[in-house]
Amino acid sequence: MKPLLAVAMVILCLVGAVAGFYLYNRFIPSPGAGSTSSTTCGDPASISSHVYNPYRLQIVKPCIFASGTVDRVIEEADGDVHLRTNLDQAYSNLTNSGNQGYPQYGDLVVEIICVNTPSQPDAIPACQNYTNQITVPTAGQHITITGPYVLDTDHYDWAEIHPVYSLVIG
């Protein structure tokens with residue numbers, strides 16, 4: 001009788017552990033990946049409506065915040081500026097295998113859209129009558145950003161915050 005009781009206790013403990021793990025991950029957001037409340041994280045001036053070919057972006061979370069140091073600032077032909085951002089430790093879980101190696105080297109892609117006039121034909125309509133007012137930081141500056149956390153299906157499913165809703169330097 002005692003072996004049966006021991007097996008029942010082990011099964012009960014395993015079920016409890018699995019249930020606890022599920023509930024913890026379901027209701028406690030991981031560092032950096034949790035959406036902020038709608039009052040602090042939203043789409044000002046409908047910035048998202050100016051993303052060209054939005055179907056290429058798979059939304060993981062509609063709005064998150066993160067911080068890190070800008071490694072490189074890259075102006076793209078679509079009018080966007082890519083900020084290759086070395087995330088602070090608390091947000092390191094936001095990168096994936098697509099961000100490793102060339103061309104991101106472990107950095108998160110942070111995209112400020114419609115900063116410049118696009119020369120890429122399919123991006124021109126998206127930026128028409130819109131100029132982003134977000135200040136572009138320089139390499140080496142520490143930033144805090146909010147925006148949608150997405151996977152870019154055109155680029156190895158690397159992780160991005162795209163478009164940036166807000167950016168604070170310092």
Side-chain angles (χ1 to χ4, degrees), residues 29-38 40-128 130-170:
S30 59
S35 296
T36 59
S37 72
S38 60
T40 59
C41 194
D43 186 355
S46 299
I47 291 173
S48 292
S49 68
H50 298 284
V51 172
Y52 85 96
N53 299 340
Y55 59 82
R56 66 196 161 87
L57 302 177
Q58 177 188 342
I59 297 174
V60 177
K61 295 234 180 212
C63 199
I64 65 165
F65 62 95
S67 62
T69 302
V70 177
D71 278 339
R72 189 162 177 211
V73 178
I74 304 163
E75 294 187 7
E76 297 287 337
D78 61 8
D80 299 354
V81 172
H82 288 198
L83 307 174
R84 287 193 192 149
T85 305
N86 181 5
L87 295 169
D88 293 339
Q89 182 62 39
Y91 304 101
S92 63
N93 63 319
L94 294 177
T95 57
N96 64 25
S97 61
N99 296 83
Q100 303 308 312
Y102 178 83
Q104 306 313 333
Y105 302 107
D107 287 345
L108 183 71
V109 178
V110 174
E111 286 202 42
I112 306 173
I113 65 167
C114 300
V115 174
N116 301 308
T117 303
S119 60
Q120 182 177 315
D122 62 344
I124 292 171
C127 291
Q128 221 161 15
Y130 176 76
T131 302
N132 206 319
Q133 299 301 308
I134 294 173
T135 300
V136 177
T138 58
Q141 289 187 306
H142 189 267
I143 59 173
T144 301
I145 57 275
T146 62
Y149 179 59
V150 303
L151 301 179
D152 188 328
T153 61
D154 280 356
H155 296 103
Y156 314 105
D157 288 338
W158 65 45
E160 304 182 346
I161 292 180
H162 184 171
V164 171
Y165 290 164
S166 69
L167 185 148
V168 176
I169 299 172

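Position 1 is the first residue of the sequence, and the numbers go up from there.
Applying the salt bridge (charged side-chain N to carboxylate O under 4.0 Å, His left out) definition to pairs two or more places apart or across chains, none involves residues 77-99. Among residue pairs with one or both ends in residues 137-153, those qualifying as salt bridge (charged side-chain N to carboxylate O under 4.0 Å, His left out) are R56-D152; sequence neighbours excluded. For residues 66-126, the pairs satisfying disulfide bond (SG atoms under 2.5 Å apart) are C114-C127, with sequence neighbours left out.
Here L151 contributes atom CG and N99 contributes atom CG; the two are 9.0 Å apart, rounded to the nearest 0.5 Å. The CG atom of D122 sits 5.0 Å away from the CG atom of N53 when rounded to the nearest 0.5 Å. With rounding to the nearest 0.5 Å, the separation of CD1 in I145 from CG in L108 is 6.5 Å. To the nearest 0.5 Å, the span separating CD on E111 from CD on E76 amounts to 7.0 Å. The structure places CD of Q104 at 9.5 Å from CZ of R72, a figure rounded to the nearest 0.5 Å.
Closest of all the heavy-atom pairs between D157 and N96 is O-ND2, 2.9 Å. Contact record, S67 with T144: CB-OG1, 3.6 Å, taken as the closest heavy-atom pair. Contact between G42 and P44 at its shortest, heavy atoms only, is O-CD, 2.8 Å. When every heavy atom of H50 is checked against every heavy atom of Q128, the shortest pair comes out as CE1-O, 4.5 Å. In terms of heavy atoms, L87 sits closest to A66 at CD2-CB, 4.2 Å. Looking at every heavy atom in both residues, P54 comes nearest to V51 through CD-O, 3.5 Å.
Taking 4.5 Å as the limit, every side-chain heavy atom of T85 sits out of range of all side-chain heavy atoms of D107. By the 4.5 Å heavy-atom criterion applied to side chains, H162 and V109 are not counted as neighbours. In this structure, the side chains of I64 and L94 come closer than 4.5 Å at one or more pairs of heavy atoms.
The local environment of CD1 in I124 is crowded, with over 12 non-hydrogen atoms from other residues, nucleotides or ligands closer than 6.0 Å. Around CD of Q120, the count of heavy atoms belonging to other residues, nucleotides or ligands within 6.0 Å exceeds 12.
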Give every donor-acceptor pair under 3.5 Å between a side-chain atom in residues 130-139 and any protein atom, sequence neighbours left out.
residue, atom, partner, partner atom, Å
N132, OD1, I134, N, 3.1
N132, ND2, I113, O, 2.9
Q133, NE2, T131, O, 3.0
T138, OG1, Q141, OE1, 3.3

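For S48, the side-chain hydrogen bond (donor to acceptor under 3.5 Å, both in side chains) test picks out D43, Y165, with sequence neighbours left out. Residues passing the ring-ring contact (aromatic ring centres under 6.0 Å, His included) test with H142: none are found, sequence neighbours excluded.
Using cut-offs of 30° and 60° on the angle between ring planes, the pair Y156 and W158 is tilted.
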